[in-house]
Amino acid sequence: MTVGAWFTLAVVLFTVLAMVREWLAPSIAVVGAMALLLVAGVVEPTQAFAGFSNPAPITVAALFVLARAVEKTGALQPVVRATLARRRGHRRSLLRILVPTAGSSAFLNNTPIVAMLVPQISAWAERRGQPVSWYLMPISFAAVLGGMVTLIGTSTNLVVSGLLEEAGQAPLGMFEMTGVALPGAVAGLALLVLIAPSLLPDRGGPKAAFEEAAREFTVEMEVEPDGPLVGRTVEEAGLRQLKGVFLAHIERDGKAVAPVAPAEVLRGGDGLRFVAQVDLVVDLHAIRGLRSSEHKHTRGF
(Lines give C-alpha, C1' and ligand atoms only; values in the text may rest on other atoms or scores of the structure.)
Protein backbone atom coordinates (compact mmCIF):
# COMPACT_ATOMS: atom_id res chain seq x y z
CA MET A 1 0.00 0.00 0.00
CA THR A 2 1.02 3.61 -0.49
CA VAL A 3 1.99 5.99 2.31
CA GLY A 4 -1.36 7.74 1.95
CA ALA A 5 -3.21 4.45 2.34
CA TRP A 6 -1.27 3.56 5.51
CA PHE A 7 -1.90 7.05 6.90
CA THR A 8 -5.63 6.75 6.17
CA LEU A 9 -5.77 3.35 7.86
CA ALA A 10 -4.05 4.78 10.95
CA VAL A 11 -6.47 7.73 11.10
CA VAL A 12 -9.50 5.44 10.75
CA LEU A 13 -8.26 3.10 13.48
CA PHE A 14 -7.55 6.00 15.84
CA THR A 15 -10.99 7.49 15.11
CA VAL A 16 -12.73 4.22 15.93
CA LEU A 17 -10.65 3.82 19.10
CA ALA A 18 -11.40 7.39 20.18
CA MET A 19 -15.14 6.78 19.84
CA VAL A 20 -15.04 3.35 21.52
CA ARG A 21 -13.04 4.66 24.48
CA GLU A 22 -15.12 7.87 24.51
CA TRP A 23 -12.06 10.12 24.30
CA LEU A 24 -13.92 12.39 21.88
CA ALA A 25 -17.50 12.97 20.87
CA PRO A 26 -18.35 11.06 17.65
CA SER A 27 -18.95 14.27 15.70
CA ILE A 28 -15.60 15.73 16.75
CA ALA A 29 -13.75 12.48 16.04
CA VAL A 30 -15.19 12.06 12.53
CA VAL A 31 -14.84 15.70 11.47
CA GLY A 32 -11.34 15.80 12.97
CA ALA A 33 -10.32 12.71 10.98
CA MET A 34 -11.65 14.28 7.80
CA ALA A 35 -9.79 17.54 8.50
CA LEU A 36 -6.57 15.62 9.24
CA LEU A 37 -6.75 13.75 5.93
CA LEU A 38 -7.52 17.00 4.15
CA VAL A 39 -4.57 18.87 5.69
CA ALA A 40 -2.23 15.93 4.98
CA GLY A 41 -3.21 16.06 1.32
CA VAL A 42 -4.56 12.52 1.26
CA VAL A 43 -7.95 13.69 -0.01
CA GLU A 44 -8.94 16.72 -2.07
CA PRO A 45 -11.41 19.34 -0.73
CA THR A 46 -14.06 18.14 -3.17
CA GLN A 47 -13.68 14.59 -1.87
CA ALA A 48 -13.64 15.68 1.78
CA PHE A 49 -16.92 17.59 1.51
CA ALA A 50 -18.65 15.32 -0.99
CA GLY A 51 -20.59 13.60 1.76
CA PHE A 52 -22.39 16.82 2.66
CA SER A 53 -23.92 16.90 -0.82
CA ASN A 54 -25.42 13.45 -0.35
CA PRO A 55 -29.17 13.62 0.39
CA ALA A 56 -28.94 11.05 3.20
CA PRO A 57 -27.43 13.32 5.92
CA ILE A 58 -29.83 16.13 5.04
CA THR A 59 -32.77 13.71 5.23
CA VAL A 60 -31.68 12.40 8.62
CA ALA A 61 -31.14 15.93 9.95
CA ALA A 62 -34.59 17.04 8.80
CA LEU A 63 -36.23 14.02 10.43
CA PHE A 64 -34.45 14.79 13.71
CA VAL A 65 -36.19 18.17 13.71
CA LEU A 66 -39.48 16.32 13.31
CA ALA A 67 -38.55 13.92 16.12
CA ARG A 68 -37.83 16.81 18.49
CA ALA A 69 -41.14 18.44 17.61
CA VAL A 70 -43.01 15.20 18.32
CA GLU A 71 -41.22 14.82 21.66
CA LYS A 72 -42.00 18.40 22.75
CA THR A 73 -45.67 18.30 21.72
CA GLY A 74 -46.32 14.77 22.97
CA ALA A 75 -48.04 13.90 19.71
CA LEU A 76 -47.21 10.20 20.09
CA GLN A 77 -48.59 9.83 23.62
CA PRO A 78 -52.20 9.14 22.51
CA VAL A 79 -50.90 6.56 20.02
CA VAL A 80 -48.79 4.83 22.67
CA ARG A 81 -51.69 4.84 25.15
CA ALA A 82 -54.09 3.44 22.57
CA THR A 83 -51.64 0.73 21.53
CA LEU A 84 -50.67 -0.33 25.04
CA ALA A 85 -53.73 0.64 27.05
CA ARG A 86 -54.58 -2.81 28.32
CA ARG A 87 -52.38 -4.57 30.80
CA ARG A 88 -50.73 -7.45 28.98
CA GLY A 89 -47.82 -9.79 29.42
CA HIS A 90 -44.31 -8.63 28.63
CA ARG A 91 -44.08 -10.45 25.29
CA ARG A 92 -47.48 -9.22 24.10
CA SER A 93 -46.59 -5.64 24.99
CA LEU A 94 -43.27 -6.04 23.23
CA LEU A 95 -44.97 -7.37 20.11
CA ARG A 96 -47.45 -4.47 20.05
CA ILE A 97 -44.53 -2.03 20.24
CA LEU A 98 -42.11 -3.66 17.81
CA VAL A 99 -44.45 -4.29 14.88
CA PRO A 100 -45.52 -0.63 14.45
CA THR A 101 -41.92 0.48 15.04
CA ALA A 102 -40.60 -1.74 12.26
CA GLY A 103 -43.47 -0.79 9.94
CA SER A 104 -42.97 2.97 10.36
CA SER A 105 -39.20 2.57 10.07
CA ALA A 106 -39.65 1.15 6.58
CA PHE A 107 -40.84 4.56 5.37
CA LEU A 108 -39.10 6.92 7.79
CA ASN A 109 -35.42 6.89 8.73
CA ASN A 110 -34.88 4.51 11.66
CA THR A 111 -32.79 6.85 13.83
CA PRO A 112 -35.45 9.58 14.21
CA ILE A 113 -38.08 6.88 14.75
CA VAL A 114 -36.16 5.63 17.79
CA ALA A 115 -35.59 9.21 18.97
CA MET A 116 -39.34 9.82 18.89
CA LEU A 117 -40.33 6.58 20.60
CA VAL A 118 -37.79 6.36 23.42
CA PRO A 119 -39.23 9.16 25.63
CA GLN A 120 -42.81 7.91 25.16
CA ILE A 121 -42.02 4.24 25.85
CA SER A 122 -39.80 5.14 28.82
CA ALA A 123 -42.62 7.15 30.43
CA TRP A 124 -45.11 4.34 29.76
CA ALA A 125 -42.83 1.66 31.24
CA GLU A 126 -42.15 3.72 34.37
CA ARG A 127 -45.87 4.30 34.90
CA ARG A 128 -46.34 0.52 34.81
CA GLY A 129 -43.41 -0.03 37.16
CA GLN A 130 -41.46 -1.99 34.54
CA PRO A 131 -37.75 -1.53 33.68
CA VAL A 132 -37.31 0.51 30.51
CA SER A 133 -34.38 -1.76 29.59
CA TRP A 134 -36.92 -4.41 28.62
CA TYR A 135 -38.08 -2.29 25.69
CA LEU A 136 -35.42 0.17 24.52
CA MET A 137 -32.96 -2.22 22.87
CA PRO A 138 -35.69 -4.23 21.10
CA ILE A 139 -37.12 -0.95 19.76
CA SER A 140 -33.73 -0.05 18.32
CA PHE A 141 -33.34 -3.47 16.68
CA ALA A 142 -36.91 -3.36 15.32
CA ALA A 143 -36.25 0.02 13.73
CA VAL A 144 -33.10 -1.33 12.05
CA LEU A 145 -34.94 -4.41 10.79
CA GLY A 146 -37.78 -2.33 9.39
CA GLY A 147 -35.38 0.13 7.80
CA MET A 148 -33.90 -2.60 5.63
CA VAL A 149 -37.18 -3.20 3.82
CA THR A 150 -37.26 -0.06 1.62
CA LEU A 151 -34.85 2.39 0.05
CA ILE A 152 -35.75 5.28 2.36
CA GLY A 153 -35.90 3.20 5.54
CA THR A 154 -32.27 3.74 6.44
CA SER A 155 -29.58 6.21 5.47
CA THR A 156 -27.31 3.30 4.51
CA ASN A 157 -29.58 2.36 1.62
CA LEU A 158 -29.70 5.99 0.49
CA VAL A 159 -25.91 6.26 0.57
CA VAL A 160 -25.48 3.06 -1.46
CA SER A 161 -28.04 4.29 -3.99
CA GLY A 162 -26.20 7.59 -4.27
CA LEU A 163 -22.86 5.83 -4.80
CA LEU A 164 -24.41 3.71 -7.56
CA GLU A 165 -25.57 6.85 -9.34
CA GLU A 166 -22.12 8.42 -9.04
CA ALA A 167 -20.65 5.27 -10.60
CA GLY A 168 -23.00 5.58 -13.56
CA GLN A 169 -25.28 2.72 -12.46
CA ALA A 170 -29.04 2.77 -12.01
CA PRO A 171 -30.11 3.80 -8.48
CA LEU A 172 -31.84 1.36 -6.17
CA GLY A 173 -35.59 1.05 -6.50
CA MET A 174 -37.95 1.83 -3.66
CA PHE A 175 -38.80 -1.84 -3.00
CA GLU A 176 -35.85 -3.48 -4.72
CA MET A 177 -34.58 -5.11 -1.53
CA THR A 178 -38.01 -5.88 -0.01
CA GLY A 179 -38.13 -9.48 -1.22
CA VAL A 180 -35.00 -10.35 0.76
CA ALA A 181 -35.28 -7.90 3.65
CA LEU A 182 -38.95 -8.42 4.62
CA PRO A 183 -38.63 -12.14 5.56
CA GLY A 184 -35.45 -11.28 7.47
CA ALA A 185 -37.26 -8.50 9.34
CA VAL A 186 -40.19 -10.77 10.27
CA ALA A 187 -37.81 -13.47 11.52
CA GLY A 188 -35.83 -10.89 13.48
CA LEU A 189 -38.94 -9.50 15.18
CA ALA A 190 -40.08 -12.99 16.14
CA LEU A 191 -36.66 -13.72 17.62
CA LEU A 192 -36.72 -10.45 19.59
CA VAL A 193 -40.12 -11.21 21.10
CA LEU A 194 -39.02 -14.75 21.94
CA ILE A 195 -35.63 -14.19 23.58
CA ALA A 196 -35.46 -10.53 24.63
CA PRO A 197 -37.48 -10.96 27.86
CA SER A 198 -35.07 -13.69 28.98
CA LEU A 199 -31.81 -11.94 28.10
CA LEU A 200 -32.31 -8.25 28.84
CA PRO A 201 -31.22 -6.95 32.27
CA ASP A 202 -33.57 -5.38 34.79
CA ARG A 203 -32.53 -1.73 34.74
CA GLY A 204 -34.67 1.21 35.71
CA GLY A 205 -34.94 4.46 33.77
CA PRO A 206 -33.77 7.97 34.67
CA LYS A 207 -36.75 8.51 36.98
CA ALA A 208 -35.95 5.40 39.01
CA ALA A 209 -32.29 6.38 39.21
CA PHE A 210 -33.27 9.86 40.41
CA GLU A 211 -35.57 8.46 43.07
CA GLU A 212 -32.79 6.16 44.28
CA ALA A 213 -30.29 9.03 44.40
CA ALA A 214 -32.82 11.22 46.21
CA ARG A 215 -32.81 8.76 49.07
CA GLU A 216 -29.17 9.63 49.80
CA PHE A 217 -28.31 12.53 52.10
CA THR A 218 -25.45 13.79 54.24
CA VAL A 219 -25.00 12.78 57.88
CA GLU A 220 -22.82 14.67 60.36
CA MET A 221 -20.98 12.57 62.96
CA GLU A 222 -18.22 13.37 65.45
CA VAL A 223 -15.30 11.37 66.83
CA GLU A 224 -15.67 11.13 70.61
CA PRO A 225 -12.65 12.82 72.27
CA ASP A 226 -11.91 9.85 74.54
CA GLY A 227 -13.38 7.17 72.33
CA PRO A 228 -11.74 4.08 70.83
CA LEU A 229 -11.36 5.67 67.37
CA VAL A 230 -8.91 8.38 68.45
CA GLY A 231 -5.44 7.71 67.02
CA ARG A 232 -6.67 5.14 64.52
CA THR A 233 -6.64 5.59 60.76
CA VAL A 234 -9.82 5.79 58.74
CA GLU A 235 -9.18 2.32 57.35
CA GLU A 236 -8.42 0.83 60.78
CA ALA A 237 -11.64 2.32 62.11
CA GLY A 238 -13.58 0.48 59.40
CA LEU A 239 -14.95 3.65 57.84
CA ARG A 240 -13.87 2.69 54.31
CA GLN A 241 -15.75 -0.58 54.11
CA LEU A 242 -19.23 0.63 55.03
CA LYS A 243 -21.82 -0.55 52.53
CA GLY A 244 -23.75 2.32 50.99
CA VAL A 245 -21.97 4.89 53.16
CA PHE A 246 -19.18 7.18 51.92
CA LEU A 247 -16.94 9.40 54.08
CA ALA A 248 -16.95 12.66 52.12
CA HIS A 249 -14.68 14.84 54.28
CA ILE A 250 -13.37 15.54 57.78
CA GLU A 251 -13.95 18.90 59.50
CA ARG A 252 -10.93 19.67 61.68
CA ASP A 253 -10.06 23.00 63.32
CA GLY A 254 -12.36 24.84 60.96
CA LYS A 255 -10.80 23.28 57.85
CA ALA A 256 -12.06 20.53 55.62
CA VAL A 257 -9.86 17.50 54.89
CA ALA A 258 -10.93 16.13 51.52
CA PRO A 259 -10.56 13.73 49.89
CA VAL A 260 -10.10 11.53 52.93
CA ALA A 261 -7.19 9.12 52.56
CA PRO A 262 -7.42 5.65 54.15
CA ALA A 263 -4.29 6.46 56.19
CA GLU A 264 -5.79 9.66 57.67
CA VAL A 265 -5.50 9.51 61.49
CA LEU A 266 -8.65 10.41 63.41
CA ARG A 267 -8.57 12.92 66.24
CA GLY A 268 -11.00 13.55 69.05
CA GLY A 269 -13.62 16.10 68.05
CA ASP A 270 -13.19 15.53 64.29
CA GLY A 271 -16.39 16.19 62.41
CA LEU A 272 -17.13 13.49 59.83
CA ARG A 273 -19.52 14.09 56.98
CA PHE A 274 -20.94 10.94 55.41
CA VAL A 275 -23.07 10.51 52.31
CA ALA A 276 -25.42 7.64 53.02
CA GLN A 277 -28.74 6.11 52.07
CA VAL A 278 -31.60 6.66 54.48
CA ASP A 279 -31.92 3.03 55.51
CA LEU A 280 -28.19 2.70 56.23
CA VAL A 281 -27.79 5.66 58.60
CA VAL A 282 -28.40 3.40 61.59
CA ASP A 283 -25.10 1.63 60.82
CA LEU A 284 -23.20 4.83 61.61
CA HIS A 285 -24.82 5.19 65.02
CA ALA A 286 -23.82 1.63 65.83
CA ILE A 287 -20.06 2.35 65.51
CA ARG A 288 -18.39 2.80 68.89
CA GLY A 289 -16.50 6.05 69.17
CA LEU A 290 -18.85 7.99 66.84
CA ARG A 291 -21.71 10.19 67.96
CA SER A 292 -24.14 12.38 66.08
CA SER A 293 -23.19 16.02 65.72
CA GLU A 294 -26.72 16.88 66.79
CA HIS A 295 -25.62 16.58 70.43
CA LYS A 296 -24.05 20.05 70.07
CA HIS A 297 -27.48 21.56 69.42
CA THR A 298 -29.27 19.72 72.26
CA ARG A 299 -26.63 19.96 74.99
CA GLY A 300 -28.07 23.11 76.52
CA PHE A 301 -31.62 21.78 76.92
Side-chain angles (χ1 to χ4, degrees), residues 26 30 50-71 75-85 88-122 124 132-200:
V30 173
F52 294 100
S53 64
N54 192 291
I58 306 301
T59 303
V60 174
L63 288 173
F64 265 115
V65 176
L66 176 62
R68 182 60 174 172
V70 170
E71 179 184 351
L76 278 181
Q77 289 182 0
V79 178
V80 173
R81 283 197 297 266
T83 305
L84 304 169
R88 303 173 184 272
H90 182 193
R91 284 187 170 85
R92 288 189 179 183
S93 297
L94 199 59
L95 182 63
R96 292 172 67 88
I97 293 172
L98 298 188
V99 171
T101 299
S104 59
S105 181
F107 300 96
L108 290 173
N109 193 272
N110 50 43
T111 305
I113 286 291
V114 174
M116 287 188 288
L117 286 176
V118 163
Q120 313 299 331
I121 298 300
S122 297
W124 170 81
V132 295
S133 59
W134 288 359
Y135 300 97
L136 296 189
M137 188 175 290
I139 286 174
S140 177
F141 288 161
V144 172
L145 290 170
M148 300 188 306
V149 176
T150 65
L151 173 65
I152 62 174
T154 176
S155 56
T156 306
N157 292 346
L158 291 171
V159 170
V160 171
S161 182
L163 292 175
L164 284 173
E165 285 190 278
E166 291 179 6
Q169 302 293 323
L172 293 175
M174 180 67 174
F175 300 101
E176 187 170 339
M177 65 287 296
T178 304
V180 176
L182 183 58
V186 172
L189 291 177
L191 189 63
L192 281 174
V193 174
L194 180 64
I195 68 173
S198 303
L199 297 181
L200 291 176

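Please read these numbers as outputs of a predicted model, since none were measured by experiment. The figures here come from the full heavy-atom set of this structure, side chains too, leaving out hydrogens, waters and symmetry mates.
Of the inter-residue distances, the one linking Leu95 atom CG with Leu189 atom CG reads 8.0 Å to the nearest 0.5 angstrom. Note that the CG atom of Leu182 and the CE atom of Met177 stand 12.5 Å from one another [nearest 0.5 Å]. The line from CD of Glu176 to CG of Leu151 is 8.5 Å long, rounded to the nearest 0.5 Å. Note that CG of Leu192 and CG of Leu199 are 10.0 Å apart. Values are rounded to the nearest 0.5 Å. From Ile195, atom CD1 reaches atom CZ of Arg91 across 10.0 Å, with rounding to the nearest 0.5 Å. Rounded to the nearest 0.5 angstrom, Ser122 OG and Ile139 CD1 are separated by 7.5 Å.
Proximity of a side-chain donor or acceptor of Ser161 to a complementary backbone N or O of Leu172 within less than 3.5 Å is detected. Between the side chain of Ser105 and the backbone N or O of Thr101, no donor-acceptor pair lies under 3.5 Å. Proximity of a side-chain donor or acceptor of Thr150 to a complementary backbone N or O of Gly153 within less than 3.5 Å is detected.
Between Ala185 and Val149, the closest heavy-atom pair is CB-CG2, 4.2 Å. Considering all non-hydrogen atoms of both residues, Leu94 and Trp134 come closest at CD1-O, 3.8 Å. Taking all atoms of both residues into account, the shortest heavy-atom contact from Gly184 to Leu145 is O-CD2, 4.3 Å.
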- Message: Let's go through Val118 and Leu136 carefully: what are the C-alpha distance in whole Å and the side-chain angles of both, what is the deciding distance for side chain to side chain contact (heavy atoms under 4.5 Å, CB included) to 0.1 Å, and is it a yes or a no?
- Response: CA-CA 7 Å; Val118 163; Leu136 296 189; 4.2 Å; yes
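Two residues are said to be in side-chain contact when any heavy atoms from C-beta on lie closer than 4.5 Å; Pro138 and Leu200 meet this criterion.
Within a 6.0 Å sphere centred on CE of Met137, heavy atoms belonging to other residues, nucleotides or ligands number 12 at most.
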